[in-house]
Student: 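My questions all concern the structure below.
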Amino acid sequence: MESPPCVSIFLVLCIFIQSSAHGQSLGLEPFGRRLRAAETMEASQETKTRFLLFEEERDKGCQIQLNHPDTLQQCGFNSSLPLVMIIHGWTVDGLLESWIWQMVAALKSGLAQPVNVVLADWLTLAYHHYTVAVRNTRLVGQEVAALILWLEESAQFSRSNVHLIGYSLGAHVSGFAGNYIGGKHKIGRITGLDAAGPLFEGSSPNDRLSPDDADFVDAIHTFTREHMGLSVGIKQPIAHYDFYPNGGYFQPGCHFLELYKHITKHGLTAITQTIKCSHERSVHLFIDSLLHPSLQSTAYQCGDMDSFSQGLCLSCKRGRRCNTLGYHARRGPQSRKSKRLFLATRAQSPFKVYHYQFKIQFINQLEKPVEPTFTMTLLGTKEENQKITITLDEEIASNKTYSFLITLDLDIGELVMIKFKWENGSVWTNVWNTVQTIIPWSRGPLYSGLVVNTIKVKAGETQQRMAFCSENMDGQQLPQTQEKTFVRCDINSQKLKRKIR
Ligand SMILES: *[C@@H]1O[C@H](CO)[C@@H](O)[C@H](O)[C@H]1NC(C)=O
Ligand SMILES: *[C@@H]1O[C@H](CO)[C@@H](O)[C@H](O)[C@H]1NC(C)=O
Ligand SMILES: *[C@@H]1O[C@H](CO)[C@@H](O)[C@H](O)[C@H]1NC(C)=O
């Protein structure tokens with residue numbers, strides 16, 4: 001059955017309406033006595049979750065059954081390899097989503113070291129009202145834990161070799177699995193991909209994914225924009241490393257206008273896809289990290305997106321304040337405190353961008369504040385970047401240093417030269433004419449009255465710091481609509497300049 005659009009809209013509305021109607025209490029009552037996972041499973045022998053092992057990139061999966069060692073052999077489980085388990089989220093149509101197969105393929109093809117890839121299929125428990133599915137996450141977590149404990153007993157498999165990757169509700173399933181296993185030895189790693197927000201936001205660490213649930217927990221937050229006080233993805237940090245691409249609220253390429261184009265092109269069935277766009281972006285960022293080993297995205301520890309947008313957080317401090325987004329994220333020193341990391345991304349794969357902090361000191365010799373728009377062309381040893389237009393959101397009133405973040409899709413190599421130009425000619429002329437009228441005797445040669453001192457640049461990806469000075473010795477006056485060239489202040493700048501293609 002094709003899913004009609006109302007189902008997809010229901011997807012979003014259901015989360016909001018259901019959860020706001022029932023409030024925070026539903027589904028999160030304490031679980032009562034915390035049973036050892038293995039104990040509970042003993043009785044039933046069968047799990048409601050289906051565990052499917054994938055041998056090839058494109059097979060349909062072979063079911064591993066708890067307490068049936070023969071299924072391990074039949075399915076080709078190799079206990080000397082790590083286990084990566086994919087755990088999906090809530091479903092409105094009862095079907096497995098297409099990203100699952102993309103993730104399986106990426107794990108099978110994108111890693112130098114092969115791994116056992118298993119899908120925890122809990123569709124029968126996820127295909128319910130959101131609140132019911134939420135309640136079921138604990139049971140699924142128990143079943144995942146039971147499987148891991150059984151693998152330890154029967155296949156000499158170590159839990160430290162387990163990596164759970166959970167999307168949306170699946171992220172909390174992973175957390176519960178880690179929690180049920182408990183004890184001193186935890187499972188190796190949990191990755192939470194835009195962990196579900198409603199009914200989990202603000203709850204205690206035992207009631208959601210938390211850093212206690214594995215030796216290493218990383219989370220990617222991609223859709224935390226609020227509607228009626230709720231967000232689809234959880235906002236609060238829930239891991240050792242919490243990544244907030246583009247601030248985590250919403251993702252580029254997911255805006256309504258773009259969705260609209262997508263729908264006109266692909267028909268109404270595209271609606272489901274587009275509504276989930278930002279939520280599911282977490283998954284695609286992760287897949288991207290597997291498919292493009294040479295284009296790993298760096299994320300930077302920062303207090304909030306505002307500071308990040310000013311380019312203030314690009315210092316890695318020898319790796320202590322940076323990490324890699326996705327599969328290749330590095331474990332840091334053990335700390336229970338979550339680190340929040342930010343990065344910008346492109347709208348499509350490959351998602352990587354190159355981050356730069358620009359610090360420009362303006363000196364305004366006019367009496368009026370100005371609101372300039374300028375463009376910069378960045379020339380590097382590898383590439384020349386197209387013009388970037390920058391509009392400062394503050395007017396330049398006097399002498400002030402402005403700091404902002406610039407991101408480039410391309411690796412331009414080492415930055416060598418900046419071509420700088422004021423754009424808004426007409427506005428600018430008006431300002432100048434006004435000055436001319438007020439001070440008709442004019443001091444010295446005509447100049448714009450706005451001066452740029454040095455331009456300081458910090459490249460996030462290479463951690464290189466650079467200073468740029470005006471190329472000519474005619475001072476730093478900035479004539480309007482005329483391009484001005486800045487080169488590296490250091491002596492090697494001539495050598496570098498020759499490297500420009
Ligand atoms: C299991 O994996 C190891 C390491 O890659 C390999 O040497 C071994 O042959 C594999 N075993 C089987 C049964 O495939
Ligand atoms: C800005 O700097 C210039 C040159 O350094 C100086 O002449 C001018 O008085 C300064 N203006 C303000 C408002 O500080
Ligand atoms: C730049 O000029 C355009 C029209 O030429 C105008 O709409 C815009 O507001 C100007 N921007 C600034 C920052 O002055």
Side-chain angles (χ1 to χ4, degrees), residues 37-38 41 45-47 49-88 96 99-122 143-167 170 173-174 177-178 180-181 183-191 193 213-218 283 286-296 323-331:
M41 289 308 134
Q45 293 281 315
E46 251 182 45
T47 56
T49 308
R50 292 168 70 232
F51 296 101
L52 301 173
L53 183 89
F54 296 89
E55 271 214 281
E56 301 295 326
E57 230 174 273
R58 309 220 173 272
D59 65 16
K60 294 194 115 176
C62 168
Q63 190 173 355
I64 293 177
Q65 279 172 306
L66 187 67
N67 300 330
H68 291 78
D70 48 318
T71 59
L72 288 179
Q73 249 136 45
Q74 282 158 20
C75 293
F77 182 82
N78 185 337
S79 59
S80 58
L81 299 178
L83 165 65
V84 179
M85 187 183 290
I86 303 166
I87 307 175
H88 64 79
L96 291 172
W99 64 263
I100 290 172
W101 316 114
Q102 295 168 29
M103 179 81 87
V104 169
L107 286 165
K108 280 288 173 192
S109 69
L111 290 173
Q113 190 72 29
V115 293
N116 297 292
V117 179
V118 168
L119 168 68
D121 167 358
W122 60 290
E143 294 189 340
V144 170
L147 184 84
I148 294 168
L149 292 173
W150 171 66
L151 286 176
E152 281 198 320
E153 278 167 32
S154 60
Q156 286 79 50
F157 182 79
S158 164
R159 63 185 73 175
S160 60
N161 267 337
V162 173
H163 180 180
L164 305 179
I165 301 174
Y167 168 57
V173 169
S174 310
Y180 285 125
I181 283 187
K184 234 172 115 189
H185 299 289
K186 297 177 183 177
I187 56 174
R189 178 176 175 188
I190 294 175
T191 299
L193 301 177
D213 298 329
D215 281 337
F216 176 44
V217 181
D218 59 320
V283 170
F286 194 88
I287 292 174
D288 191 59
S289 75
L290 288 161
L291 296 183
H292 299 104
S294 63
L295 292 172
Q296 298 294 309
N323 208 334
T324 305
L325 177 79
Y327 187 84
H328 302 286
R330 296 181 312 271
R331 298 169 191 230

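Counting convention: from 1, in listed order, for ligands and their atoms alike. Since this is a predicted model, take the numbers as computed values, not measurements.
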Student: Take atom 5 (O) of ligand 1 and look for protein heavy atoms under 4.0 Å from it; say yes if you find one, no if not.
Tutor: yes
Student: Look at atom 9 (O) of ligand 1 and say whether a protein heavy atom is found at less than 4.0 angstrom from it.
Tutor: no
Student: In the protein, which heavy atom is nearest to atom 11 (N) of ligand 1, and how far is it?
Tutor: N78 ND2, 2.8 Å
Student: Considering residues at least two apart in sequence or located in another chain, which fulfil the ring pair (Phe, Tyr, Trp, His ring centres under 6.0 Å) criterion with F216?
Tutor: none
Student: Can you check whether F157 and F77 have ring centres sitting under 6.0 Å from each other?
Tutor: yes
Student: Not counting sequence neighbours, which residues clear side-chain contact (heavy atoms from CB on, under 4.5 Å) with Q74? List them please.
Tutor: D70, T71
Student: Hey, which atoms in ligand 1 end up nearer than 4.0 Å to a heavy atom of S80?
Tutor: 1 (C), 2 (O), 3 (C)
Student: Considering only heavy atoms from C-beta outward, does the side chain of F51 approach that of V144 to under 4.5 Å?
Tutor: yes
